[in-house]
Protein chains: 2
Amino acid sequence: MKRNRVSIKDISKALGLSNTTISFILNGKAEEMRISAQVTERVLAYVKEVGYTPNYLARGLVTGKTNTIGFIVENIGNPFFSQIASLIEEQAYKGGYKIIYSSTNGQSDKALELIRMFRDRGVDGYIICPTEKLEEEISQLKEENRPVVLFDRFLPAIDSHYIGIDNEQAMYEACKHLVERNRKNIALITTDSRQTQMISRLEGYKRLIKERKLNEYILSIPYENRKERLQSDFEDFIKKYPKLDGICFATNYLAVGGLEVMRNLGLKIPSKIAVVAFDDNEVLRLFQPGITAVEQPLEEMAKLIIDRLLVDLKLGKSAEKTIHKEIPTRLIVRESTGN
Amino acid sequence: MKRNRVSIKDISKALGLSNTTISFILNGKAEEMRISAQVTERVLAYVKEVGYTPNYLARGLVTGKTNTIGFIVENIGNPFFSQIASLIEEQAYKGGYKIIYSSTNGQSDKALELIRMFRDRGVDGYIICPTEKLEEEISQLKEENRPVVLFDRFLPAIDSHYIGIDNEQAMYEACKHLVERNRKNIALITTDSRQTQMISRLEGYKRLIKERKLNEYILSIPYENRKERLQSDFEDFIKKYPKLDGICFATNYLAVGGLEVMRNLGLKIPSKIAVVAFDDNEVLRLFQPGITAVEQPLEEMAKLIIDRLLVDLKLGKSAEKTIHKEIPTRLIVRESTGN
DNA sequence: CTGAAAGCGCTTACAG
DNA sequence: CTGAAAGCGCTTACAG
C-alpha cells in the first residue's frame, strides 16, 4: 500500500547524505543550518524527480502538529453553516490548514464525542458552534493550550474566544423596522433553545416591545420535531391572535417553514402581516413577496474566526486575552414589510 | 502540549505489563491472544480510570489506516453538496469513519492538490466529485489500492466506482412532462461544462426534442462569471426567442438565477412559459408558483456511496468489478408546469 | 557544514 | 499466556 512511497530514508540513501540533512532542506532550514547551496540543490532536484511528499502522520507524531482544524457545526446541511463552512475552508486553506468537520445536530453527547475524536486525531485547533454542557470539555482544551474559537453562540460560563453577531441589536432593529412600518402587534417566532444567540434575539425583541409599550406575542417551537411543531403550533398561534400584523422569525428554518404555513393559510404579506426573517438566504430573496431579512456578515465572520485561530496557532496556545466579538448585521429591506 | 496525555507505555509501566499486552487488550484481541480475563479486566479498568485514548497518528503510522475518508466536492456552499455531505457524514460516522472535506470550485489544479494532500494525510478512502483532468491521479489511487468512489459525475476514460443519477432519463422525462403540458418550444438552459452529468442531461433533452420533432433551443452559460452571464445571456436568449413556452434548467443555481431574471422580466409562469428545474430544493418549493423539479435521491446516493466505500475499505482495495450505478430520479410536479 | 542517534506512540511478528 | 524488540517516517538536540 505505501511501500511504493519514497521516504526520507530512501532519499538520504540514494544521495549518500543523512536524514538530518534531507529533513533540514525539506523544511527550509537549509540556510539556517548552513547547508551548502550545491547539496541543497541536489536534494531538491532529486526530491522533485522522485515526487517525494512527506508523511504528515509521522511528522505530526513528532511535532504534535497536523495543520488540521476541527470544525464543529450544528448541521452542515443548514445553509448558514454550509456557507460559512465554505468561507472558512477557503480562508484556512490559504493559511495552510485543512478542515475536518462534523455535525452535532444539537446533541451534547455527539458534540463531546466529536471534540474527543478530533483531539485523538491531533487537530491543532478547534472552531466550535457549541451545544449545551460543553463547558468542561472546552475549558480542558484551553488548559491543554489547544486554540479554540466559538462561533454563532458562546458559553457564558467559560472564557473563550467568540465570534458572532450582535443578535440583540439585530433583532431590536428588525422589530423596530416593523414598528416604523406601522405594525402594532408584533410576534416573535423562536425556538425553546437556551443558546445565547437565541436568548439575545429574544431580548432584542423584548427591549423593543417594552420601549414602544406594545403587546408581547412569543411563540417558542421545540427543536425536537420542529417541522411538525412549527406547522401545528404556528397555525394555532396565528389563529389565536388575529390582531397580529407583524412577525419576526428568529432563525432561518423557522422562517422557511413559517412562510409556507402563512401561504397555506392565505395570509397576505405585507398587507395583513409584515414579515422579517433572521439570517438571509435565497429562499427569502426569491419568495414572493421578497422577505426582509437580517443578514449575517458571513465572510467577515469567517475571516475573523480563522485570523484569530491562526494567531493562537502560531502562539501555540490561546492568547491571554480572549476576544468576544459581536459584529453588526445589516437589515435587507424587501417587500414583506411594505413601504 | 501532549505531555499530560497517557500513553500505552505509561499504562504498561504502571501495571507491570508489556506494551504488547496492553495493545492487544485495547484492540479487542485479548481473547484471541488468550490473555487472562483478570489481566484484561485490570487493564480495562485502569484505562478507564486514567481516561486513556489512543494516539491515532501513531496508530496510523504503523497500520497505514486513519479511519478517515477524504471527501472532495465542487463547493460545500452549494445546497446539493452540503446536503449530501450531511448525509454522507452521518453514514460514515456510523461506520466509524470521519470525513475530511474540501471544495475544488471546479478547478482541476485545486482538485489535484486536494487529492495529494489527502493522500499525504493518509486518508483511507476517497469520495470525489471529479473535475476534468483527474484521470491520471485517480488511476494512480486505484493502483495504490486506495478505494475511490466518484459521484455526481464520472470520468469516462477510467474504470472506477461511480454513484449518480440517471441524468439522461431524468432530463428526458422533465422535458416530456413539458410536452405533455402542451409546450412546443422548449429551451434547455445549461452550462458549457463537459462534465458527464451535464452532457447526459443535454442528451436527454435532445432525445426528447428529436423524438417529438420539436425545435432545439439551447443556451449554454460559461461556469466562469456564471452569475453575470446568466443575467445577461439568459435575458438576451429569452428576448431572441419570444415563442418559447417551456424552459428546463439543467442545474440548481441556473434555476435560481434564471427564475429571478424571469421575474424581473415579468414573464408569467406557467401561462407564458412553463418551467422545470433540475435538483429540487426549498427555493423551488417556496417560489411562487412552485417550480416543478427533478429530485435527486440524496439519501440513497449517500448510502450507496458509503456502503461501497466501506466494502472496499474492508477489502483493503477496490473491488475487482467497479460499479457504475445510475439511480432513477423523481419528478416533483408543481404549479410551474400548469396542469 | 553534516551525521549518528534518540524518540514521538503505537502495532506486530517472533520467541518462549 | 506474556514480553522484548523492531519498525512505521519523521524531527531535533547533540556532537564534531
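Below, chains carry the letters A, B, ... as their sequence lines are ordered, and counting in each starts from 1. Side chains included, hydrogens not; waters and symmetry mates left out as well; all remaining heavy atoms used.
For D/dT11, the OP1/OP2 oxygens have no side-chain nitrogen or oxygen of A/Lys65 closer than 4.0 Å. Applying the 4.0 Å criterion to OP1 and OP2 of C/dG3, one finds that A/Thr21 has a side-chain N or O inside that range. Using a 4.0 Å cut-off, some side-chain N or O of B/Lys9 falls inside it from OP1 or OP2 of C/dC8.
In this structure, of D/dC1, C/dT11, D/dT11, it is D/dT11 that holds the atom nearest to the side chain of A/Ile8. Nearest nucleotide to the side chain of B/Ser23, out of C/dA4, C/dG9, C/dT12: C/dT12. Candidate nucleotides C/dG9, D/dT11, D/dA4 were compared by shortest atom distance to the side chain of A/Val62, and D/dT11 ranks first. In the set D/dC8, C/dT12, C/dC8, the nucleotide with an atom closest to the side chain of B/Phe24 is C/dT12. Counting only heavy atoms from C-beta on, A/Val39 has its side chain closest to C/dT2 among D/dT11, D/dG9, C/dT2.
Separating the CG atom of A/Leu57 from the P atom of D/dT11 is a distance of 13 Å, rounded to the nearest angstrom. One interatomic measurement links the two molecules: CG of A/Asp10 to P of D/dC8, which rounds to 10 Å at whole-angstrom precision. The nearest whole Å value for the distance from the NZ atom in B/Lys13 to the P atom in D/dG3 is 15 Å. Atom CD of A/Glu32 is separated from atom C1' of C/dT2 by 15 Å (rounded to the nearest Å). Between the CZ atom of A/Arg121 and the P atom of C/dC10 there is a distance of 14 Å, given to the nearest Å. Going from atom CG of A/Leu26 over to atom C1' of D/dC10 covers 10 Å, rounded to whole Å. B/Leu61 has its CG atom 14 Å from the C1' atom of C/dT12, to the nearest Å. Rounding to whole angstrom units, CZ of residue B/Arg59 and P of C/dT11 are separated by 5 Å.
With a cut-off of 3.5 Å on both Watson-Crick or G-U wobble distances, the partner of C/dA13 is given as none. In a base pair of the Watson-Crick type (N1 to N3 plus N6-O4 or O6-N4) or a G-U wobble (N1-O2 and O6-N3), with each distance short of 3.5 Å, C/dA4 is matched with no nucleotide.
Judged by closest nucleotide on DNA chain D, B/Ser36 is the one of B/Ser36 and B/Ala58 placed further toward the 5' end. Nearest-nucleotide mapping onto DNA chain C: of A/Asn19 and A/Met33, the residue sitting toward the 5' end is A/Met33.
At a threshold of 4.0 Å, the pair A/Lys133-A/Asp109 does not count as salt-bridged, since none of the basic side-chain nitrogens sits closer than that to a carboxylate oxygen. The residues A/Arg153 and A/Glu74 are annotated as salt-bridged, a charged nitrogen and a carboxylate oxygen being separated by less than 4.0 angstrom.
Here B/Tyr56 lies out of heavy-atom contact (under 4.0 Å) with every strand. Within the nucleic acid shown, A/Ser7 comes within 4.0 Å of sugar-phosphate atoms alone, with no base atom in reach, counting heavy atoms only.
Between the side chains of B/Gln195 and B/Ser193, at least one donor N or O sits under 3.5 Å from an acceptor N or O.
Donor-acceptor pairing under 3.5 Å, judged by distance alone, is absent between the side chain of A/Thr20 and the base of D/dT11.
B/Glu135 CD: more than 12 foreign heavy atoms inside a 6.0 Å radius. At most 12 heavy atoms of other shown residues, nucleotides or ligands fall within 6.0 angstrom of atom NZ in B/Lys325.
Using cut-offs of 30° and 60° on the angle between ring planes, the pair A/Tyr126 and A/Phe118 is tilted.
Rounded to whole Å, the separation between the C1' atoms of D/dT2 and C/dT11 comes to 16 Å.
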